[in-house]
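Before any comments, here is the structure.
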Amino acid sequence: MEMNLILFSDRLKRVLAGEDGALTLPDSTNLKPVLQYFLSEIEIITTLLRDYKSDINRLLIQLWNVEEDVDRPDVLSILNDINYFVYESEKAIDTFFTTIMQPQSSESESESTSYKDALKSDAQLPPNRITVDLSKERDMFIRIHQESESSSSPGFEKRDMEEALLDLLIEGQPQLSVVAILDSRGFNKTAFAAEAFNSNHVKFYFDCRAWVRVSIQYNFKKILDDIIKSVMPASGLSEIIGKDYTLKKSILRDYLTNKKYMTVLDDIYHDMIWNDLREALPDYQNGSRVLITVVDPDILTSFELENGEKIGSDSVLVGGPLFRIKYEGWQFFLLYCGCKSLESQMMEMENEPTALLFCSIFELPLYLKFCCFYLCVFYGNLEISTRQLYQLWMAEGFVAHNSEANAEEYLKELISRGLIKVGKRSAGGKIKTCSVPSSVWAGLVVLAAKMKFVMVLDLGLVEELRTIKRFSVPNNLTKFVSLEHIDTYLHSLQNFALESDHSALLDCENICKKFKLLRVLNMGSLVLDQFPSGIENLFLLRCLKLDVPSLKSLPSSLCNLLNLQTLDMPSSYIDHTPEDIWNMHKLMHLNFGCITLPAPPENYCSSLKNLIFISALHPCSCTPDTLGRLPNVQTLKIYGDLSSYQSGLSKSLRELLKLESLKLVNKSKGWQLSQMILSEYQFPPSLTQLSLSNTELKEDPMPTLEKLPHLLVLKLKQNSYSGRKLACVGSGGFPKLKILHLKSMFWLEEWTMGARAMTKLESLIINPCAYLKKLPEELWRIESLRKLELHWPQPELRKKLRAYEDMERRYYIQMYPYGI
């Protein structure tokens with residue numbers, strides 16, 4: 001409602017400043033004074049609406065609660081009028097920017113005049129009447145919540161419950177056991193499961209562990225992939241993940257043979273999980289365990305207690321906290337510490353977060369409200385790439401100065417308010433993935449739809465679809481495209497349908513024909529046979545994500561999209577790119593399997609100054625002239641035969657004066673051995689993160705890399721170095737290094753360090769270290785060192801590490817496999 005007005009106001013400012021749209025407003029048109037008038041009137045209305053903040057918030061509560069009457073219908077009517085005005089005005093502006101016609105006709109003038117009249121009528125707001133003190137409600141909700149958090153569960157101490165769970169996990173019977181954990185007031189099921197999962201007892205007892213966060217949109221294929229990624233070696237994952245679903249289940253079962261495993265599935269909504277688990281996870285009678293956290297107790301209604309009583313929503317479980325239950329011969333337990341019926345307990349649990357959620361959202365500053373409501377396009381508990389999230393926020397115009405650094409700060413603020421959960425972090429500590437808690441997501445979906453800001457499509461609510469410009473489609477994209485109630489002036493479309501079929505290409509082409517004003521088009525995981533026609537006509541497009549594995553040549557028509565900021569085609573390996581890509585000055589992110597950039601045209605003096613992220617660039621494109629025209633690239637991955645382009649590549653990287661993160665991935669031709677010589681590389685001094693993969697270096701890389709003044713993270717990954725010795729001999733080498741990963745150096749025997757080397761090191765991973773006889777003595781003099789992770793250490797080294805850990809409690813030393 002008022003959020004749409006403020007976004008429109010910001011856009012008008014960009015249009016008048018010539019920053020929005022590929023075209024500037026011609027002086028010959030009369031649009032500038034019209035838009036300036038709109039902007040002035042909108043700013044007046046925005047000022048007036050600040051006095052109605054409490055009424056608007058109250059309206060949202062009433063709209064969310066269908067049983068409550070709206071007590072300010074006059075304000076609601078005004079907000080609906082404003083929303084319609086914004087809708088019509090943006091439609092006119094978007095249409096203007098997508099046409100190549102001459103200056104607007106008199107018909108357009110009369111249409112603009114009608115907008116002026118609409119603005120004047122909208123400005124007549126009724127007298128303000130503040131009806132609710134949200135600060136008091138907030139304090140009340142928070143006090144109740146804190147009291148419930150601090151109170152222990154009825155009749156059970158948390159310590160008793162932990163002991164009961166650990167006894168079952170470790171001391172229980174040998175057959176595969178499943179433990180379901182239910183929420184109850186004052187008890188957080190996910191936090192409780194995480195404590196057990198991360199306890200040293202569990203780490204040492206189980207050979208392998210997996211923690212999988214399950215989305216509301218059930219997809220066991222993804223769950224299976226996540227389990228495989230957690231328990232199986234990283235070296236063969238890419239090949240396994242690409243295999244057939246049935247074959248992957250067989251591979252996982254074979255791998256888990258004779259292994260004692262523990263799998264945690266967090267936030268289960270669907271009872272389909274039981275049969276899928278039975279097929280995927282084997283029972284080798286060796287004490288393996290599955291731990292699940294249950295959101296909806298209805299999925300347990302097919303279970304029975306030991307006495308034969310069916311579990312229902314009215315069941316009151318007493319005598320816990322651990323209950324043995326029966327389900328088709330499974331060894332099954334339920335951990336529950338409530339004292340009311342399951343239905344009453346769940347209703348109580350649902351109401352408290354909803355109240356707190358409203359308070360949290362209402363108190364957000366406006367720039368965070370935009371970003372927060374937009375989160376509902378992703379399903380609850382779905383793993384979200386933070387880089388993709390930043391790109392979407394920027395494409396929608398939510399981020400000040402279109403800055404990724406600002407977007408990162410927005411994310412941190414939302415995390416601090418409990419609206420987003422952190423997922424994975426990079427080695428340097430940056431947040432790589434996040435998720436929206438299911439309870440937060442459920443509230444955001446309703447509020448965002450009521451505000452006509454974002455709609456997660458429910459095909460049964462067609463009357464709600466008009467004038468909403470952002471859609472998330474969970475399934476059946478074909479049906480969505482055919483709906484008559486969807487407005488053709490759509491701004492954002494994100495597809496989350498999981499399966500590809502023969503109609504995927506046709507759906508995409510129909511979308512391009514029907515929705516010509518799109519700014520965001522994300523086709524998700526739908527695999528397209530070829531590049532879809534019609535995309536070249538989406539002139540306002542800012543973010544495009546497609547999966548076209550067969551594409552080898554980028555269509556020249558794509559370069560007409562001069563507003564494009566993000567081009568994301570991770571499965572495409574592009575051999576040929578048209579020269580016109582150098583005209584796409586707004587590009588910020590290029591994400592391909594690999595892309596070859598053409599040499600800039602002769603006498604061409606411009607550059608892609610906004611481009612900050614490229615993955616992955618072919619080394620043949622890494623010439624001084626090409627990289628010199630990418631002055632602001634901060635993150636770069638180079639993939640290809642590095643040794644064949646040794647001369648040009650090694651000297652060109654110094655052109656990237658703002659480069660912070662660099663990945664070099666070698667792909668030799670056939671059986672040809674790498675001839676990469678690292679000592680010839682001239683790295684920019686700005687580099688903070690460096691990763692090498694498959695480079696097969698013959699010379700020790702440390703003497704070259706230790707001179708990088710700002711390097712924080714160094715990852716020498718699979719087959720990066722084939723030598724037997726590493727030597728950090730320079731005094732004061734690696735002055736700022738914090739993270740060091742040495743992986744797949746199978747023959748490494750000796751590692752020496754000079755005085756005052758790596759003085760800031762905090763974390764060290766060596767995988768494997770089967771031939772490494774000892775760690776450098778200088779390593780133990782580094783005061784900042786805290787974490788050491790070693791895989792397959794020799795018995796002598798293992799014994800010494802345990803001695804260090806016992807003497808110096810500041811070290812966290814983990815050796816794999818568990819328990820060695």
So which heavy atom on [X] is nearest to which on [Y], and how close?
X	Y	answer
Asn583	Leu562	O-CD2, 3.7 Å
Gly428	Val713	CA-CG2, 3.8 Å
Asn406	Val399	CB-CG1, 3.7 Å
Leu414	Cys371	CD1-CB, 4.2 Å
His589	Glu404	NE2-OE1, 3.0 Å

Under 3.5 Å, side chain of [X] to main-chain N/O of [Y], donor-acceptor pair present?
X	Y	answer
Gln391	Cys543	no
Trp582	Pro598	yes
Ser40	Gln36	yes
Thr433	Lys424	yes
Ser650	Ser647	yes
Ser621	Leu597	yes
Thr695	Leu692	no

Any side-chain heavy-atom pair of Leu558 and Ile535 under 4.5 Å: yes

Ion pair [X]/[Y], N-O distance below 4.0 Å:
X	Y	result
Arg542	Glu396	no
Arg629	Glu655	no
Lys516	Asp94	no
Glu90	Arg519	yes

Distance-only polar pair, side chains of Asn632 and Lys609, donor-acceptor under 3.5 Å: no

Glu509 side chain to Ser533 side chain, donor-acceptor N/O pair below 3.5 angstrom: yes

side-chain contact (heavy atoms from CB on, under 4.5 Å) between Leu590 and Ser615, worked out: CA-CA 6 Å; Leu590 281 176; Ser615 177; over 6 Å; no

Name of the residue among Val665, Leu642, Thr596 meeting side chain to side chain contact (heavy atoms under 4.5 Å, CB included) with Pro619: Leu642

Pairing residues for Tyr410 by the ring pair (Phe, Tyr, Trp, His ring centres under 6.0 Å) criterion, not counting sequence neighbours: Tyr367

Under the ring pair (Phe, Tyr, Trp, His ring centres under 6.0 Å) test, residues paired with His491 that sit two or more places apart: none

Cation-pi geometry met for Arg654 and Phe683 (6.0 Å, 45°): no

Asn610 vs Lys586, side-chain hydrogen bond (donor to acceptor under 3.5 Å, both in side chains): CA-CA, chis, key distance, verdict: CA-CA 6 Å; Asn610 289 308; Lys586 295 189 178 182; over 6 Å; no

Mutual orientation of the aromatic rings belonging to His618 and Tyr645 [parallel < 30°, tilted 30-60°, perpendicular > 60°]: perpendicular

Residue pairs, two or more places apart or on separate chains, that pass ring-ring contact (aromatic ring centres under 6.0 Å, His included) and touch residues 684-706: none

